[in-house]
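Accompanying notes for the structure given below.
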Amino acid sequence: MPKRAHATEGLEEGKLHPAKRLRASQASPEAVVEANSSQFTGTETVTSSATAGERPSITTVISWNAETSAPFLDTHPRKLASYGITSSATKGDKPNVLRQLITRHHFPDFVCLQEVRGRHGDTEWIAALAAAANGAEGPKYKAYTSLNRATRGARHFGVVTFAKDPSQVAVAREVEWDVEGRVMVLEMHDGWALINVYALNGSEYPWVDQSAPNKPTGKTRNQRKREFNKLLLEEVKQMQARGLRVVLIGDFNISLTKRDCYPRLRTEYPHALARKEFNEVVIPQAGVVDIFREVHGDKKGFSWFAKGKPQGTDCARVDYALVDRSLVDNVAEIAYLEDQEERAHSDHAPILLKLRDMDKIEQLD
DNA sequence: ATGCCAACTAAGAGTTGA
């Protein structure tokens, strides 16, 4: 049975609506201004190829494995009422680090979070999460959540994609093959799709299918991890067959090559096999590119930093953007926001991705 | 290089996370 995301009312599935296409340059004037400023990123901005007098429209995406959303919301009902769900710039005397991230980066068009750790039925919690991106000033984001369907146990996994301009979104949906809250798909009127992913962290513990929690699957989480990646590949192929260009972003829990790890790549069999399949099957068959490597070559870049250790002594690049080959020339910037301030409480650094002219991509259909 | 740990849920132990 199809599972609908939370904020998808009024959206039709399956078909895009080119007639309703919206120019991103009209929708996001802040993003266009931001294209000329790398003040907060500390990275070089790729020079625009636009001709003089023509300013490229820029779509900015930030992806962050927040590890937990607790620091920017409060799930206790009394606390929710006390600060009011519409005003979450601060939670009590604690700063809202999500709001700070979004503000510091001039209100990106999309914000993808992973490991937000809520359950599908947590109505008040979901309202608090949706409110956490919005303050008194700035745009009001719409939140599209995919959350664990489990009714028992700890709150784990969960992704949310915040959209500054929901009118760009033709379809917001989860996927048929996941009930853990690991994938949020936004299909845009402009012919591309933003896929927010929190892939499995492998282990030899059994994998429990939360759609039938009492029935043993006979699979380990390492096995399900590889199965998840194959299912994601099939999902991508189906979307491409419908004419969509894909941008996958999030935490894939796989380091792709030796240079993506310090001090060393995990070479134990389950990790090595998952990596091999991802590199040799998933990425090539999906026709996507690890855009950080494409743009920056061998440059160091890490997205995960071991807790309790000095930064840089134990780290890996497991979060990345996998961009459709046909969109490589649309990429204006890709960077990891590795500073402690950017990571806040999380052991993961946010990813900053800027795409130009996404309102002008060639329609395949 | 994780799981001896820490955090979480939900009422005791089980699950998760580079």
Side-chain angles (χ1 to χ4, degrees), chain A residues 63-77 113-122 124-125 128-129 147-159 178-182 197-217 219-226 228-229 250-279 300-320 336 338 343-351:
Chain A
S63 175
W64 182 35
N65 182 331
E67 204 199 0
T68 169
S69 49
F72 48 83
L73 51 83
D74 197 320
T75 56
H76 195 288
L113 301 183
Q114 301 87 37
E115 279 199 79
V116 295
R117 301 196 181 190
R119 275 196 213 130
H120 182 71
D122 295 341
E124 283 177 294
W125 184 96
L129 178 69
L147 301 171
N148 198 344
R149 249 75 177 174
T151 52
R152 284 185 55 80
R155 285 169 168 76
H156 281 297
F157 325 130
V159 299
D178 172 68
V179 296
E180 293 182 341
R182 295 184 177 276
V197 177
Y198 177 55
L200 270 82
N201 179 15
S203 79
E204 284 302 304
Y205 287 104
W207 175 68
V208 178
D209 180 357
Q210 291 299 339
S211 65
N214 298 319
K215 193 175 138 201
T217 60
K219 294 171 193 161
T220 67
R221 290 165 52 81
N222 279 320
Q223 289 171 321
R224 174 62 184 178
K225 172 177 182 157
R226 289 161 45 218
F228 175 96
N229 293 339
D251 180 356
F252 293 88
N253 269 315
I254 291 177
S255 290
L256 298 174
T257 67
K258 223 165 31 173
R259 62 197 162 176
D260 297 314
C261 276
Y262 187 87
R264 70 167 192 87
L265 204 59
R266 299 202 299 200
T267 50
E268 299 76 11
Y269 172 73
H271 303 304
L273 181 58
R275 177 183 311 114
K276 183 179 166 66
E277 284 186 358
F278 205 70
N279 275 322
K300 274 186 193 169
F302 298 106
S303 71
W304 172 85
F305 302 87
K307 286 178 186 166
K309 295 183 183 176
Q311 176 139 335
T313 59
D314 190 356
C315 50
R317 193 171 69 91
V318 293
D319 305 75
Y320 30 87
Y336 291 97
E338 297 184 18
R343 285 201 280 134
H345 59 279
S346 178
D347 49 356
H348 291 256
I351 306 170

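As the structure is a prediction and not an experimental result, all values here were calculated from the model. A note on names: the letters A, B, ... follow the listed sequences, proteins ahead of strands, and every chain is numbered from 1.
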Looking at the side chain of [X], which of [options] is the nearest nucleotide?
{"X": "A/Arg155", "options": "B/dT9, B/dA1, B/dA11", "value": "B/dT9"}
{"X": "A/Ala154", "options": "B/dT16, B/dG14, B/dA11", "value": "B/dG14"}
{"X": "A/His156", "options": "B/dT16, B/dA1, B/dA11", "value": "B/dT16"}

### Task
Mind listing the residues from residues 205-215 of chain A sitting with a heavy atom below 4.0 Å of DNA chain B? Number order is fine.
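Listed by number, there are none.
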
Say we look at [N] and [M]: how far apart would their [atom1] atoms be, to the nearest angstrom?
{"N": "B/dT15", "M": "B/dG3", "atom1": "P", "result": "16 Å"}
{"N": "B/dA10", "M": "B/dT16", "atom1": "P", "result": "14 Å"}
{"N": "B/dA11", "M": "B/dA6", "atom1": "P", "result": "25 Å"}

Nucleotide [N], atom [atom2] - distance to [atom1] of [X] in whole Å:
{"X": "A/Glu204", "N": "B/dT15", "atom1": "CD", "atom2": "P", "answer": "15 Å"}
{"X": "A/Asp347", "N": "B/dA6", "atom1": "CG", "atom2": "P", "answer": "15 Å"}
{"X": "A/Phe228", "N": "B/dT16", "atom1": "CZ", "atom2": "C1'", "answer": "16 Å"}
{"X": "A/His345", "N": "B/dC8", "atom1": "NE2", "atom2": "P", "answer": "11 Å"}
{"X": "A/Phe157", "N": "B/dC8", "atom1": "CZ", "atom2": "P", "answer": "15 Å"}
{"X": "A/Lys307", "N": "B/dG3", "atom1": "NZ", "atom2": "P", "answer": "16 Å"}
{"X": "A/Asn222", "N": "B/dG3", "atom1": "CG", "atom2": "C1'", "answer": "14 Å"}
{"X": "A/Glu67", "N": "B/dA7", "atom1": "CD", "atom2": "P", "answer": "10 Å"}

So, does [X] use its side chain to make a donor-acceptor pair with the main chain of [Y] at under 3.5 Å?
{"X": "A/Glu277", "Y": "A/Ala274", "value": "no"}
{"X": "A/Thr220", "Y": "A/Pro206", "value": "no"}
{"X": "A/Ser69", "Y": "A/Val116", "value": "yes"}

### Sequence neighbours excluded, every pair satisfying ring pair (Phe, Tyr, Trp, His ring centres under 6.0 Å) that has a member inside residues 254-275 of chain A
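For residues 254-275 of chain A: none.
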
## Note on the structure
Exactly one candidate in A/Tyr198, A/Tyr320, A/Trp304, A/Phe228 meets ring-ring contact (aromatic ring centres under 6.0 Å, His included) with A/Phe252; the answer is A/Tyr320

### Message
By nearest heavy atom, map A/Arg119 and A/Leu200 onto DNA chain B; which one lands nearer the 5' end?
### Response
A/Arg119

### Query
Want to settle it: does A/Leu256 or A/Thr68 sit nearer the 5' end of DNA chain B, counting the closest nucleotide to each?
A/Thr68

### Message
Can you confirm whether the side chains of A/Gln210 and A/Arg119 place a donor and an acceptor under 3.5 Å from each other?
### Response
no

### Query
Is the phosphate of B/dA1, meaning OP1 or OP2, less than 4.0 Å from a side-chain N or O of A/Arg264?
yes

### Message
Does B/dA11 have its OP1 or OP2 closer than 4.0 Å to a side-chain nitrogen or oxygen of A/Arg152?
### Response
yes

Look at all strands and tell whether [X] reaches a base, only sugar-phosphate, or nothing, counting heavy atoms closer than 4.0 Å.
{"X": "A/Tyr198", "result": "sugar-phosphate"}
{"X": "A/Glu115", "result": "sugar-phosphate"}
{"X": "A/Arg317", "result": "nothing"}
{"X": "A/Cys315", "result": "nothing"}

### Task
Just jot down the side chain to side chain contact (heavy atoms under 4.5 Å, CB included) partners of A/Thr68, sequence neighbours excluded, or say none.
A/Ala70, A/Pro71, A/Arg117, A/His345

### Query
Could you state the interatomic distance from CG (A/Asn253) to CG (A/Asn65), rounded to the nearest 0.5 Å?
8.0 Å

